[in-house]
Amino acid sequence: MEVASARQYEPVIGLEIHVQLATDTKMFCGCELSFGLDPNTRTCPVCLGHPGVLPVPNRRAIEFGLMIGLALGCEIAPRSIFHRKNYFYPDNPKAFQISQYDVPLCSGGELAGVRVHRAHLEEDAAKLVHAGESGRIHGAEASVVDFNRAGTPLVEIVTEPDIHSAAEAAEWARLLRETLRALGVSDVNMDEGSLRVDGNVSIRPAGEATLGVKTELKNMNSFRFLERGLDAEIARQEGILREGGQVEQETLHFDNRTGALSSLRSKEEAHDYRYFPEPDLVPIAPTEAMIEMARAAIPELPLARAERFERDHDLPADSARLLAFRGEQGDFFEAALAVSPSDPRTLANYVVNDVPPGSAATPEAVAKLVDLIGAGTVSRGAAKEVLEVLAAEGGDPEQIVADRGLGAAGGDELGAIVDQAIAENAGAVEKIREGKDQAIGAIVGAVMRQTKGRADGGEVQKLIRERIGA
Amino acid sequence: MGRTLFCGAVIDREQVNHVARLARLRLTDEQAEQMAAELSKVLDHIEKMGELDLADVAPTSHVVELENVLREDEARPSWPRDRMLAEAPDADAEGFRVPSPGS
């Protein structure tokens with residue numbers, strides 16, 4: 001019999017992503033979207049759910065929904081309807097949320113190997129501010145509701161359970177965020193809640209096809225926390241199963257500070273939402289013109305950008321994806337490349353590794369540095385030091401080289417240093433002459449130490465070989 | 001969801017109480033009994049429609065034949081906060097006061 005503790009488990013993860021759309025106004029009324037304004041200054045009878053009001057969908061929100069669906073390769077429903085999702089909670093004055101149920105706007109897509117189950121439109125809830133604000137719902141006695149957020153257009157994207165590690169989930173969510181950012185349909189700011197990621201997690205013995213009992217993880221407001229939260233939950237479920245227990249289906253809150261998971265009370269008993277078609281909203285039947293307009297508004301997306309970087313600039317697949325999936329860095333790379341197109345690989349390498357987003361370096365400066373290397377003015381070793389200065393303080397690479405004496409060692413200076421290194425490494429010279437070519441490393445190393453990395457490795461090797469006639 | 005309402009068109013008191021709880025309605029035993037009988041009759045009526053051949057009829061979600069009634073994404077003035085808060089049973093200067101959902 002197999003021992004439970006020796007068993008290997010495979011995590012199965014699906015993601016649910018709520019995206020606040022960057023429209024000017026709310027989903028069903030003309031109140032302006034806002035963040036950080038005085039509470040309840042952007043409300044009206046529609047978003048407060050007064051009796052007798054008539055919601056009317058925001059055309060641009062529908063357009064953004066179509067763009068998201070098309071970008072994710074979804075099928076667009078010929079006729080999509082809204083439903084009422086009924087629940088009592090103070091964040092929702094109507095006692096129902098307008099959402100979509102069995103006929104979502106978009107279904108059946110795929111992004112980077114993860115299938116997209118559906119993408120549908122809905123409205124955001126209000127924000128509850130708890131007296132004795134602790135960030136948690138339990139314990140507070142009275143709450144105050146701020147309805148500025150109520151009715152903000154949302155697209156909810158649901159993936160199939162195609163993800164098998166926390167790291168993969170975070171990476172995919174990053175790609176999705178960049179895709180949404182490129183589309184321009186959302187601010188995708190996780191701190192401000194315009195992008196919210198929940199994870200559905202279960203584990204099963206490796207190789208098995210049936211899914212285990214899943215839990216839902218909420219409140220992971222950064223990709224790092226998403227990964228940590230999922231890892232913590234996978235470990236918790238493994239612990240339960242190894243001890244012969246059973247995972248309970250529940251919703252869990254991940255505490256970013258302590259890394260602890262705790263059970264959330266459910267909004268409604270047994271999630272009995274009693275969906276029914278929203279009688280106040282007529283169906284959305286995207287016309288050919290609406291779909292074409294949405295399609296035409298889709299710019300180059302990160303996956304295509306990565307392919308282009310790989311193809312046109314001969315970048316390794318890894319760097320191409322790193323740059324394209326972190327749009328800011330991709331933009332930095334392209335801006336620098338426009339100034340110095342000669343060596344995209346070196347440039348990409350620097351952008352990925354040495355000048356993080358928000359550093360003081362400008363694309364022009366990094367491009368200029370690459371040119372200095374190309375011209376033999378600065379060695380690759382010394383360039384690393386220039387990059388550190390650029391990242392920390394900014395400035396002009398030529399000036400930095402001059403100020404710090406980082407110019408490439410060359411000419412007579414380098415010749416003398418090479419001569420000295422050869423003289424001090426007679427053993428190595430002997431070995432090279434015997435055909436043990438790798439021995440040259442010792443002499444190159446000596447030259448590099450002497451020049452503090454200011455010499456070009458290839459140039460040094462050439463000089464050594466000339467001098468010892470090997 | 002998952003609860004079949006069409007089981008011989010009989011709604012029992014337990015189902016009535018469940019739906020009442022979801023709708024935050026408090027029913028007396030007599031009221032629950034009465035609702036069970038009335039709702040069963042409604043379902044009887046709906047079941048009668050099952051006798052029709054509706055294979056070629058699309059499910060009706062809306063009674064009006066309208067589609068794509070949309071508004072432009074143009075802001076309109078929101079209502080004054082004081083005015084909206086005045087409608088609330090309980091409010092402070094900035095927001096609607098509610099019993100804390102967790103307490």
Side-chain angles (χ1 to χ4, degrees), chain A residues 23-25 29-32 38-45 48 50 56-62 79 81 86 88-91 93 95 103 126 128-131 136-147 265 267-269 271-275 277 279 281-287 290, chain B residues 1-5 11 14-26 39 42-43 46 57-103:
Chain A
T23 51
D24 288 340
T25 65
C29 67
C31 285
E32 236 177 312
D38 281 350
N40 294 302
T41 51
R42 293 292 179 273
T43 74
C44 74
L48 288 179
H50 284 205
V56 186
N58 183 332
R59 181 186 295 279
R60 185 171 293 158
I62 307 288
R79 187 174 175 280
I81 61 173
N86 298 279
F88 281 99
Y89 205 76
D91 65 5
V103 206
L128 280 172
V129 184
H130 304 290
R136 290 300 314 277
I137 289 164
H138 297 271
E141 280 171 16
S143 302
V144 174
V145 193
D146 172 11
F147 284 97
R265 74 167 54 205
K267 273 186 178 176
E268 187 74 347
E269 39 190 305
H271 289 282
D272 196 340
Y273 289 129
R274 293 148 295 142
Y275 282 95
L281 292 166
V282 301
I284 305 292
T287 60
M290 284 164 77
Chain B
M1 275 188 306
R3 190 175 282 261
T4 311
L5 288 175
I11 284 211
E14 197 197 324
Q15 281 170 304
V16 169
N17 283 326
H18 174 71
V19 175
R21 215 167 22 248
L22 290 173
R24 300 295 188 272
L25 295 173
R26 195 173 292 145
L39 287 173
V42 172
L43 287 194
I46 290 169
V57 181
T60 307
S61 60
H62 294 76
V63 290
V64 288
E65 288 191 27
L66 282 173
E67 285 172 347
N68 299 336
V69 177
L70 307 173
R71 44 170 266 277
E72 297 307 314
D73 183 26
E74 282 160 13
R76 294 209 312 214
S78 293
W79 285 41
R81 179 164 69 185
D82 292 350
R83 171 73 185 80
M84 300 319 282
L85 290 178
E87 305 280 339
D90 192 8
D92 65 16
E94 298 194 317
F96 300 82
R97 282 171 58 90
V98 294
S100 184
S103 62

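Computed from heavy atoms alone, side chains included, the values below leave out hydrogens, waters and symmetry copies. Residue numbering restarts at 1 for every chain, and letters A, B, ... go by the order of the sequence lines.
Contacts of B:Asn68 with chain A are made by both backbone and side-chain atoms, with heavy-atom separations under 4.5 Å. Interface residue A:Pro90: only side-chain heavy atoms are found under 4.5 Å from chain B. Both the backbone and the side chain of A:Pro45 come within less than 4.5 Å of a heavy atom of chain B. At a 4.5 Å heavy-atom cutoff, the contact between B:Glu74 and chain A is made by backbone atoms alone. With a 4.5 Å cut-off on non-hydrogen atoms, A:Leu281 touches chain B through its backbone but not through its side chain.
Looking at A:Ile81 and B:His62, their side chains come closer than 4.5 Å, going by heavy atoms from C-beta outward. With contacts defined as side-chain heavy-atom distances shorter than 4.5 Å, the pair A:Arg42/B:Pro77 does not qualify. The side-chain heavy atoms of A:His50 and B:Met84, taken from C-beta on, include a pair separated by under 4.5 Å. Residues B:Phe96 and A:Leu48 meet the side-chain proximity criterion, which asks for heavy atoms closer than 4.5 Å. Side-chain contact between A:Val144 and B:Val98 is absent, with no heavy atoms from C-beta onward closer than 4.5 Å. Taking the side chain as every heavy atom from C-beta outward, A:Asn40 and B:Glu94 never approach each other to under 4.5 Å. Residues A:Met290 and B:Leu70 meet the side-chain proximity criterion, which asks for heavy atoms closer than 4.5 Å. In this structure, the side chains of A:Ile284 and B:Glu67 stay at 4.5 Å or more apart for every pair of heavy atoms.
The shortest non-hydrogen separation linking B:Ser78 to A:Cys31 is OG-SG, 3.1 Å.
When each of B:Glu65, B:Arg81, B:Arg76 is scored by its heavy-atom pairs under 4.5 Å with chain A, the top score falls to B:Arg81. Between chain B and the options A:Asp146, A:Thr23, A:Thr43, heavy-atom pairs under 4.5 Å are most frequent for A:Thr43.
The neighbour count for B:Arg71 CZ, taken as heavy atoms of other residues, nucleotides or ligands under 6.0 Å away, is above 12.
Side-chain atoms of B:Asp73 and A:Thr25 include a donor-acceptor pair closer than 3.5 Å.
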Could you walk me through whether B:Leu22 and A:Asn86 satisfy the side-chain contact (heavy atoms from CB on, under 4.5 Å) test, starting with their C-alpha distance in whole Å, then the side-chain angles of each, then the deciding distance to 0.1 Å, before giving a yes or no?
CA-CA 9 Å; B:Leu22 290 173; A:Asn86 298 279; over 6 Å; no

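How far CZ of A:Phe147 is from CG of B:Leu85: 10.0 Å, rounded to the nearest 0.5 Å.
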